Amino acid sequence: MCGIFGYVNFLVDKSRGEIIDNLIEGLQRLEYRGYDSAGLAVDGKLIKDGDEEIMNNIIVKTPGKVKVLKQKVIDDKINRTDIFDNHAGIAHTRWATHGQPKEENCHPHRSDSTKGEFIVVHNGIITNFSALRKYLLSKGHIFESETDTECIAKLFKHFYDLNLKAGVSPDLNELTKQVLHELEGSYGLLVKSYHYPGEVCGTRKGSPLLVGVKTDKKLKVDFVDVEFENNAAQQQQQQANGHSSLLNNHSTSLDSGFIPVAPGEQNLRTSQSRAFLSEDDLPMPVEFFLSSDPASVIQHTKKVLFLEDDDIAHIYDGELHIHRASTKSAGESTVRPIQTLEMELNEIMKGPYKHFMQKEIFEQPDSTFNTMRGRIDFENSIVTLGGLKAFLPTIRRCRRIIMIACGTSYHSCLATRSIFEELTEIPVSVELASDFLDRRSPVFRDDTCVFVSQSGETADSILALQYCLERGALTVGIVNSVGSSMSRQTHCGVHINAGPEIGVASTKAYTSQYIALVMFALSLSNDSISKTKRHEEIIKGLQKIPEQIKKVLNLETKIKKLCNDDLNDQKSLLLLGRGYQFATALEGALKIKEISYMHSEGVLAGELKHGVLALVDDKLPIIAFATRDSLFPKTMSAIEQVTARDGRPIVICNEGDAIISNDKVHLTLEVPQTVDCLQGLLNVIPVQLISYWLAVNRGIDVDFPRNLAKSVTVE
Ligand code: UD1
Ligand code: BG6
């Protein structure tokens with residue numbers, strides 16, 4: 001996802017060129033996280049502004065890789081030689097969420113196009129950005145981008161001007177608090193401004209941010225005090241902003257209701273930050289590295305301080321101060337430790353995981369949540385997909401829905417086809433893009449063609465999309481990569497918001513596509529009274545999915561042992577499922593073959609007796625999906641057909657379900673029960689883990705299996 005990097009030097013001479021190199025190197029260390037554009041901001045030259053002299057800014061940003069940014073810095077002929085003994089630079093890699101990856105949407109964002117008084121980089125999502133934008137527009141601010149972040153930069157200027165109008169010149173930290181008070185959603189952000197040369201504020205809520213510290217001398221203490229406001233100031237601030245935020249007021253009245261930073265508090269620069277003073281209590285040369293990820297800090301320093309939600313790190317005059325944006329609660333820690341990172345770079349990038357695939361499997365409680373975030377009102381059982389809203393009436397009237405995709409994305413279509421048909425009562429066909437094109441299948445103007453893709457760049461799917469566009473059908477994208485070809489070329493769609501997927505074997509994209517498609521079906525049938533109960537049931541089920549996935553992930557130890565003891569030496573594996581679980585069987589088989597190179601086949605349990613049964617003996621490993629739904633008795637009968645031929649299946653069943661007498665089943669993997677049409681979201685997790693551990697046992701490079709590519713951009 002997005003990455004933040006900031007660099008502040010104090011009493012350490014650095015040329016602009018060195019500062020830019022530092023920022024670019026920091027961004028390069030964040031590249032592995034996935035991104036689509038990059039940018040940075042550094043100080044320019046002192047210029048005359050009326051009677052004042054101000055330091056102008058240099059902002060360089062561009063869609064594409066960090067190396068494109070590096071080239072742009074050269075092309076823009078930015079002076080590299082000016083020396084700064086105190087400077088704050090900020091930089092960002094962006095993974096588009098609000099608006100396409102184009103230059104105006106790249107970070108950093110500025111408060112105004114004339115002087116760029118406040119400059120911001122931001123990770124996360126500001127959920128009330130539309131309302132803020134509207135408010136700020138009404139106040140005369142002119143927006144340059146489609147991003148939520150730009151509101152933050154504008155808010156800084158807005159509050160700065162209001163404070164000045166009230167005769168107060170606010171501290172950057174106090175100003176940050178006023179801005180944060182208006183923000184809803186999640187953020188990790190950095191702000192710099194020529195009003196505060198050499199200073200930076202970094203803050204976070206739900207999005208990581210840490211500060212690395214590099215000094216020649218040993219730090220005096222290994223912690224930084226948290227600076228809480230005194231009660232009077234806090235109360236005043238609460239009155240000022242707590243009970244009258246911009247949007248609560250809806251006002252114009254902010255200007256009159258606004259209470260500036262308490263005069264006693266402004267520029268209150270206590271030296272609680274003892275860590276950064278030398279023995280004689282004088283500031284010492286120091287460099288600070290602010291980042292969303294330790295991977296970009298570790299090559300400079302191992303001394304880091306991790307910020308907590310609502311912390312504001314204010315760096316100025318070589319000191320780091322930690323302030324709180326929220327009021328002190330009982331038992332809250334009053335210090336932040338400066339820790340020593342003992343991890344290697346590789347370990348940091350993958351967190352506690354050995355491979356990106358494992359990391360992505362374990363990210364699914366979060367990624368599935370993110371797919372639903374802001375789109376489902378769980379209390380009132382309402383689904384709103386912003387990107388489809390205007391198109392729903394047309395889609396409801398269409399003659400049929402054709403879902404078109406490749407690989408794992410195709411399986412997510414299969415997994416949701418049945419609930420689509422049940423809820424919408426529109427016939428749905430599911431097509432592999434290449435086969436659909438080979439057949440030159442007829443497509444009409446009253447068809448709705450749904451393209452599902454993680455990358456949004458798969459050649460077969462794009463060609464199929466062009467084919468459908470040429471025939472006048474309505475096209476809908478269900479895509480992970482914002483700004484990808486498919487996301488741009490479809491008439492409308494849904495971004496699944498699973499975050500970048502790096503492992504070649506798709507895992508978290510599958511569960512997020514699945515949920516996005518279910519939400520699509522729910523929105524199409526929102527107004528059907530006869531479906532109300534079913535809707536409520538599914539939405540309640542969706543709400544529990546992230547927590548239930550967490551539970552399933554606890555099976556890892558059992559699965560590891562199963563792979564080690566029983567499956568490792570096998571040559572082939574069958575996966576049996578029917579109804580909703582047929583897609584899970586196909587997806588499980590695909591995962592196993594692409595990552596572990598073991599032959600595996602997903603079989604429709606109803607088809608067992610029409611051929612596949614011939615393979616069954618006491619040796620062939622079989623995984624059967626026997627979770628509770630209306631087809632459960634039929635699945636059980638398939639399992640019995642297997643056990644009657646000495647097969648010893650591994651059964652994925654619901655918790656506490658006594659499936660069949662134990663001596664006939666090799667092992668059960670129990671998963672929580674959910675609504676029938678969502679059960680595949682939970683059942684797929686054990687097979688993702690099986691494929692992963694089989695591959696690891698076989699010494700395969702899990703993230704880069706042979707002959708496969710993450711994004712197949714050729715036919
Ligand atoms: C949008 C914002 C989201 C913000 C929310 C708040 C973007 C990319 N998303 O999300 O960050 O929190 O508003 O209101 O700015 N689209 C296609 N084809 C596709 C996928 C999407 O045409 O394959 C179109 C959609 O029709 C829509 C736009 O892209 O016009 C954004 O889609 P999506 O991110 O799903 O929309 P929201 O969830 O509303
Ligand atoms: C490739 C990947 O084959 O493309 C698969 O290796 C993926 O994991 C398939 O499912 C389709 O990709 P996308 O990006 O269109 O979902």
Side-chain angles (χ1 to χ4, degrees), residues 2 36 94-101 105 124-133 145-149 184-186 357 360 370-376 383-392 395 404-413 432-434 449-462 464-465 474-498 500-510 512-513 516 519-520 523 586-587 590-591 593-595 688 691 703-705 707-714:
C2 302
D36 47 51
R94 172 173 188 255
W95 166 268
T97 55
H98 291 73
Q100 308 282 334
N105 289 336
I125 293 179
I126 303 303
T127 46
N128 62 336
F129 95 102
S130 305
L132 284 173
R133 192 177 167 109
S145 77
E146 301 156 83
T147 65
D148 51 345
T149 305
E184 284 169 20
S186 67
M357 181 185 174
E360 284 154 10
N370 285 338
T371 306
M372 296 184 269
R373 182 162 62 175
R375 290 165 163 169
I376 304 187
V383 177
T384 311
L385 296 171
L388 290 185
K389 226 158 125 192
F391 293 82
L392 290 178
I395 302 174
I404 303 166
C406 304
T408 290
S409 302
Y410 168 74
H411 294 151
S412 72
C413 301
L432 281 166
S434 54
C449 301
V450 180
F451 293 85
V452 182
S453 172
Q454 188 286 127
S455 61
E457 302 295 350
T458 303
D460 289 328
S461 302
I462 290 179
L465 167 61
L474 178 73
T475 60
V476 182
I478 307 289
V479 169
N480 197 24
S481 300
V482 178
S484 59
S485 306
M486 249 181 264
S487 158
R488 279 182 286 112
Q489 290 170 22
T490 42
H491 292 110
C492 59
V494 184
H495 290 118
I496 64 169
N497 299 339
E501 195 180 58
I502 295 169
V504 165
S506 187
T507 50
K508 63 174 180 171
Y510 177 77
S512 285
Q513 287 165 343
M519 291 194 298
F520 183 6
S523 14
L586 291 178
E587 173 56 10
L590 177 64
K591 285 291 85 82
K593 65 187 112 171
E594 55 181 349
I595 301 302
Q688 290 175 344
S691 71
D703 289 327
F704 302 99
N707 310 335
L708 300 178
K710 181 72 190 151
S711 181
V712 183
T713 52
V714 289

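For ligands, and for the atoms within them, numbers begin at 1 and follow the listed sequence. All figures in this text were calculated on a predicted structure; none of them were measured in a lab.
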>> Test your reading of the structure: does Gln454 have an N or O sitting under 3.5 Å from an N or O of ligand 2?
In response: yes
> Are any side-chain N or O atoms of Glu501 and backbone N or O atoms of Glu360, one a donor and one an acceptor, separated by less than 3.5 Å?
Replying inline: no
>> If the test is side chain to side chain donor-acceptor pair (under 3.5 Å), which one of Ser487, Ser512, Ser481 qualifies with His495?
In response: Ser487
> Do the side chain of Asn128 and the main chain of Gly185 share a donor and acceptor less than 3.5 angstrom apart?
Replying inline: no
>> When you compare ligand 2 with Thr458, is there at least one nitrogen or oxygen pair between them that comes in under 3.5 angstrom?
In response: yes
>> Checking Thr147 against Ser145: is there a side-chain donor and acceptor pair closer than 3.5 Å?
In response: yes
> Just going by heavy-atom distances, which of Cys406, Ser409, Gly407, Ser455 is nearest to atom 14 (O) of ligand 2?
Replying inline: Ser455
> Without hydrogens or angle criteria, can the side chains of Ser523 and Lys389 be said to hold a donor-acceptor pair below 3.5 Å?
Replying inline: no
> In terms of atom number and element, which parts of ligand 2 are under 4.0 angstrom from non-hydrogen atoms of Val504?
Replying inline: 6 (O), 8 (O)
> When rounded to the nearest 0.5 angstrom, what distance separates CE in Met486 from CD1 in Ile478?
Replying inline: 11.5 Å
> Run the side-chain contact (heavy atoms from CB on, under 4.5 Å) check on Thr408 and Gln454 step by step: do they pass?
Replying inline: CA-CA 9 Å; Thr408 290; Gln454 188 286 127; over 6 Å; no
> Given Gln489 and Thr475, is the side-chain contact (heavy atoms from CB on, under 4.5 Å) satisfied, shown in steps?
Replying inline: CA-CA 9 Å; Gln489 290 170 22; Thr475 60; over 6 Å; no
> What atoms of ligand 2 come within less than 4.0 Å of a heavy atom belonging to Thr408?
Replying inline: 10 (O)
>> Contact between ligand 2 and Ala505 is defined here as a heavy atom of the residue under 4.0 Å from a ligand atom; is it met?
In response: no
>> Keeping Asp460 on the side-chain end and Ala433 on the backbone end, is there a donor-acceptor pair under 3.5 Å?
In response: no
Please tabulate, line by line, the atom pairs linking an N/O of ligand 1 to a protein N/O at a distance below 3.5 Å, with the distance in Å to 0.1, or answer 'none'.
from	atom 1	to	atom 2	distance (Å)
ligand 1	9 (N)	Thr97	O	2.8
ligand 1	11 (O)	Thr97	O	3.1
ligand 1	11 (O)	His98	ND1	3.2
ligand 1	11 (O)	His98	NE2	3.1
ligand 1	12 (O)	His98	NE2	3.2
ligand 1	15 (O)	Thr97	O	2.7
ligand 1	15 (O)	Gly99	N	3.0
ligand 1	18 (N)	Ser487	O	3.1
ligand 1	18 (N)	Thr490	OG1	2.8
ligand 1	18 (N)	Cys492	O	3.3
ligand 1	22 (O)	Ser487	O	3.3
ligand 1	23 (O)	Gly477	O	3.4
ligand 1	26 (O)	Gly387	O	2.7
ligand 1	26 (O)	Gly493	N	3.0
ligand 1	32 (O)	His495	ND1	3.2
ligand 1	34 (O)	His495	ND1	2.7
ligand 1	35 (O)	Arg375	NH2	2.9
ligand 1	35 (O)	His495	N	2.8
ligand 1	38 (O)	Arg375	NE	3.2
ligand 1	38 (O)	Arg375	NH2	2.9

